[in-house]
J.: 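Here you go, one structure.
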2 protein chains.
Amino acid sequence: MPDEIPDASLGCAAHGIGGMPELVELAVVLTATVARVAEEQELTPMQGRLLCGLGDQPQRMVDLAQLLGIEKAALTGLVDRAERRGLLERGPVPGDRRAVQVSLTDAGTQAVAAFEAGVTSALDGLLATLPVEDRPEFRRLASAVVVAARGARAA
Amino acid sequence: MPDEIPDASLGCAAHGIGGMPELVELAVVLTATVARVAEEQELTPMQGRLLCGLGDQPQRMVDLAQLLGIEKAALTGLVDRAERRGLLERGPVPGDRRAVQVSLTDAGTQAVAAFEAGVTSALDGLLATLPVEDRPEFRRLASAVVVAARGARAA
DNA sequence: GGAAAAGGTTCGTACTGTTGACTATACATG
DNA sequence: CATGTATAGTCAACAGTACGAACCTTTTCC
């Protein structure tokens with residue numbers, strides 16, 4: 001995982017095409033920021049996402065895969081690696097012998113708390129470069145884009 | 001690559017921690033958007049980034065790695081795979097027999113043009129969900145964050 | 001002239017993801 | 001109740017991506 005922000009990114013900053021590069025450059029910056037926090041916590045970014053996705057309640061694989069936007073087979077591998085690390089465990093689902101539910105272990109709960117705190121802090125640091133009055137505006141617009149994108153997909 | 005926007009993302013939307021999740025969810029949405037365009041063009045996202053990074057002039061590997069924010073060894077593999085696809089070629093650098101320069105082939109030039117157009121269109125589509133007057137504001141704030149992040153890293 | 005640094009590759013390793021196939025189980029239908 | 005369909009999850013093969021260490025060749029520095 002790159003530990004530095006690249007000078008160019010998806011979308012061709014080198015060409016200076018109007019408008020486009022900011023957003024993909026932003027994605028790269030945000031992703032690299034999260035990756036750095038994950039590395040500090042000895043996680044991979046996907047492991048961080050997985051642990052966050054688990055939250056307080058056991059989750060079924062099918063629901064987790066949907067939540068994370070990945071294929072079930074990919075989730076099998078991701079959960080295998082996290083289980084091997086002792087961060088989570090698989091268990092049976094009452095009433096459905098096909099299904100498997102996944103829940104955090106104590107180590108996983110600790111890891112995710114640290115990861116969350118680190119990501120919050122790192123992103124606050126990223127936005128600290130903006131004028132104070134612009135920060136909630138930026139978050140609001142970001143949220144609006146995400147909600148709309150998710151709504152479009154669910155439709 | 002997920003072809004749908006996940007319900008949660010890096011940063012723990014499930015926990016609803018104030019502010020943080022929007023930005024990492026945004027990164028996931030943007031990355032997934034670019035990945036879909038890449039797939040349409042039969043590229044991987046990193047191949048898209050690489051071709052955009054090459055631009056109009058041959059680039060040395062050491063500069064490309066820096067530009068893309070990856071280790072030289074990783075770039076060797078990335079360039080190997082793109083070269084195998086006929087998208088670029090390696091050549092000598094006058095005056096420095098250690099160095100290798102990389103340049104787009106005709107096929108690569110065509111691929112990157114289509115990729116750029118597709119990404120532009122897809123991102124415009126993403127932002128179309130925002131009120132018209134908010135779009136330049138969002139791009140401006142995104143750009144400011146990226147410029148600041150890149151500046152901090154270069155320092 | 002020799003040491004240090006630079007440019008790039010190779011190798012081993014791990015993570016991530018897709019696709020297709022498979023097994024076991026749940027559900028729907030006649 | 002038997003049978004067909006659908007679902008949940010895993011497995012295997014494969015490919016892309018990335019890092020760190022080691023290596024070779026060449027350039028730069030003292």
Side-chain angles (χ1 to χ4, degrees), chain A residues 1-4 6 10 28 31-32 34-36 38-39 41-51 53 58-85 87-102, chain B residues 1-4 6 10 28 31-32 34-36 38-39 41-51 53 58-85 87-102:
Chain A
M1 179 56 64
D3 63 357
E4 67 179 279
L10 289 168
V28 172
T31 301
V34 172
R36 252 191 314 282
E39 188 174 348
Q41 303 300 333
E42 295 180 355
L43 298 172
T44 70
M46 279 309 289
Q47 284 165 357
R49 283 187 73 194
L50 172 61
L51 299 185
Q59 305 265 355
R60 294 188 306 158
M61 299 284 281
V62 60
D63 296 326
L64 260 179
Q66 170 80 12
L67 191 81
L68 296 172
I70 62 179
E71 295 285 340
K72 292 183 297 177
L75 182 63
T76 295
L78 187 55
V79 167
D80 279 351
R81 292 186 290 275
E83 187 177 37
R84 192 187 308 144
R85 301 260 326 259
L87 298 170
L88 53 71
E89 59 202 358
R90 283 177 164 97
V93 173
D96 190 343
R97 298 215 307 275
R98 297 171 302 173
V100 159
Q101 66 183 17
V102 184
Chain B
M1 178 58 59
D3 63 358
E4 65 179 279
L10 289 168
V28 172
T31 301
V34 171
R36 254 191 312 283
E39 187 174 348
Q41 302 300 331
E42 295 180 354
L43 297 171
T44 69
M46 278 310 287
Q47 285 166 354
R49 283 188 72 195
L50 173 60
L51 299 185
Q59 304 265 356
R60 296 186 307 156
M61 299 285 280
V62 61
D63 297 325
L64 260 179
Q66 169 80 12
L67 191 82
L68 296 172
I70 60 178
E71 293 287 338
K72 294 182 297 177
L75 183 63
T76 295
L78 187 55
V79 167
D80 279 350
R81 292 186 289 277
E83 185 176 39
R84 191 187 309 143
R85 301 247 341 245
L87 299 171
L88 53 71
E89 59 201 357
R90 283 177 164 96
V93 173
D96 190 343
R97 298 214 305 276
R98 295 171 301 174
V100 159
Q101 65 182 16
V102 184

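Sequence lines set the chain letters: A, B, ... in the order given, protein chains first and strands last, and positions in each chain run from 1.
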J.: State whether the side chain of Arg90(B) and the backbone N or O of Val100(B) hold a donor-acceptor pair below 3.5 Å, judged by distance alone.
T.: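 No: the side chain of Arg90(B) does not pair with the backbone of Val100(B).
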
J.: Taking atom C1' of dA18(D) as reference, at what distance in whole Å does atom CG of Leu64(B) sit?
T.: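 Rounding to the nearest Å, CG of Leu64(B) and C1' of dA18(D) are 16 Å apart.
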
J.: Mind calculating the distance between CD (Glu71(B)) and P (dA22(D)) to the nearest angstrom?
T.: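 That distance rounds to 15 Å.
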
J.: To the nearest 0.5 Å, what is the distance between CD (Gln47(A)) and CG (Leu88(A))?
T.: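 Between Gln47(A) CD and Leu88(A) CG, I get 9.0 Å after rounding to 0.5 Å.
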
J.: Under 4.0 Å, heavy atoms only, any strand: does Thr44(A) hit a base, just the sugar-phosphate, or nothing?
T.: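 Answer is sugar-phosphate: Thr44(A) comes under 4.0 Å of backbone atoms only.
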
J.: Could you state the atom-to-atom distance from CD of Gln66(B) to C1' of dG7(C) in whole Å?
T.: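 After rounding, the reported distance stands at 14 Å.
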
J.: dA15(D), OP1 or OP2 - any side-chain N/O from Arg81(B) closer than 4.0 Å?
T.: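 The answer is no; no side-chain N or O of Arg81(B) sits under 4.0 Å from OP1 or OP2.
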
J.: Classify Leu75(A) by what it touches in the nucleic acid, base, sugar-phosphate, or nothing, heavy-atom distance under 4.0 Å.
T.: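 No contact.
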
J.: Which atom pairs link the protein and nucleotides 27-29 of chain D when you take only N or O atoms and keep those under 3.5 Å?
T.:
from    : atom 1 : to       : atom 2 : distance (Å)
dT27(D) : OP1    : Arg97(B) : N      : 3.2
dT27(D) : O4'    : Arg98(B) : NE     : 3.3

J.: Grab the CG-C1' distance between Leu43(A) and dT16(C) for me, whole Å please.
T.: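 That distance rounds to 15 Å.
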
J.: Do you know the tightest heavy-atom contact between Ala38(A) and Thr44(A)?
T.: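 It is CB-C, 3.8 Å.
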
J.: If you take all heavy atoms of Gly53(A) and Gln59(A), which pair is closest and at what distance?
T.: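 In this case the closest contact between Gly53(A) and Gln59(A) is O-NE2, 3.5 Å.
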
J.: Just how far, in rounded Å, is P of dA15(D) from CG of Asp80(B)?
T.: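 Rounded to whole Å, this separation is 15 Å.
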
J.: From the options dT18(C), dC15(C), dA18(D), select the nucleotide whose nearest atom is closest to the side chain of Arg84(A).
T.: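 For Arg84(A), the side-chain atoms sit closest to dC15(C).
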
J.: Rounded off to whole Å, could you give me the CD-to-P distance for the Glu39(B) and dT16(C) pair?
T.: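 So the two atoms are 20 Å apart, to the nearest Å.
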
J.: State, yes or no, whether a side-chain contact exists between Leu50(B) and Leu75(B) at a heavy-atom distance under 4.5 Å.
T.: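 With C-beta onward as the side chain, the pair touches.
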
J.: Measure CD/Gln59(A) against C1'/dA8(D) and give the value in whole Å, please.
T.: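 Those two atoms, CD and C1', are 16 Å apart.
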
J.: Here's a test of your reading of the structure: between Ala73(B) and Gly77(B), which maps to the more 5' nucleotide of DNA chain D?
T.: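 Nearest nucleotide further toward 5': that of Gly77(B).
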
J.: If you only use heavy atoms from C-beta on, which nucleotide in dT17(D), dC19(D), dT16(C) is closest to the side chain of Ala74(B)?
T.: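 That would be dC19(D).
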
J.: Any idea which of dT9(C), dT10(D), dG16(D) is nearest the Lys72(B) side chain?
T.: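 The answer is dT9(C), which lies nearest to the side chain.
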
J.: Is there side-chain contact between Arg49(A) and Val28(B), with at least one heavy-atom pair below 4.5 Å?
T.: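 Contact flag for Arg49(A)/Val28(B) side chains = yes.
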
J.: Tell me the closest heavy-atom pair linking Glu89(B) and Glu83(B), and the distance in Å.
T.: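 Heavy atoms of Glu89(B) and Glu83(B) come nearest at CA-OE2, 4.2 Å.
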
J.: Take atom CD1 of Ile70(B) and atom P of dG8(C), then tell me their distance rounded to the nearest Å.
T.: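 My rounded result for the distance is 13 Å.
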
J.: Quick check for you: among dT10(D), dA8(D), dA18(D), whose closest atom lies nearest to any side-chain atom of Leu78(B)?
T.: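 In terms of side-chain proximity for Leu78(B), the closest of dT10(D), dA8(D), dA18(D) is dA18(D).
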
J.: Report yes if a side-chain nitrogen or oxygen of Arg90(B) is closer than 4.0 Å to either non-bridging phosphate oxygen (OP1 or OP2) of dT9(C); otherwise report no.
T.: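 So the side chain of Arg90(B) is within the cut-off, an N or O lying under 4.0 Å from OP1 or OP2 of dT9(C).
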
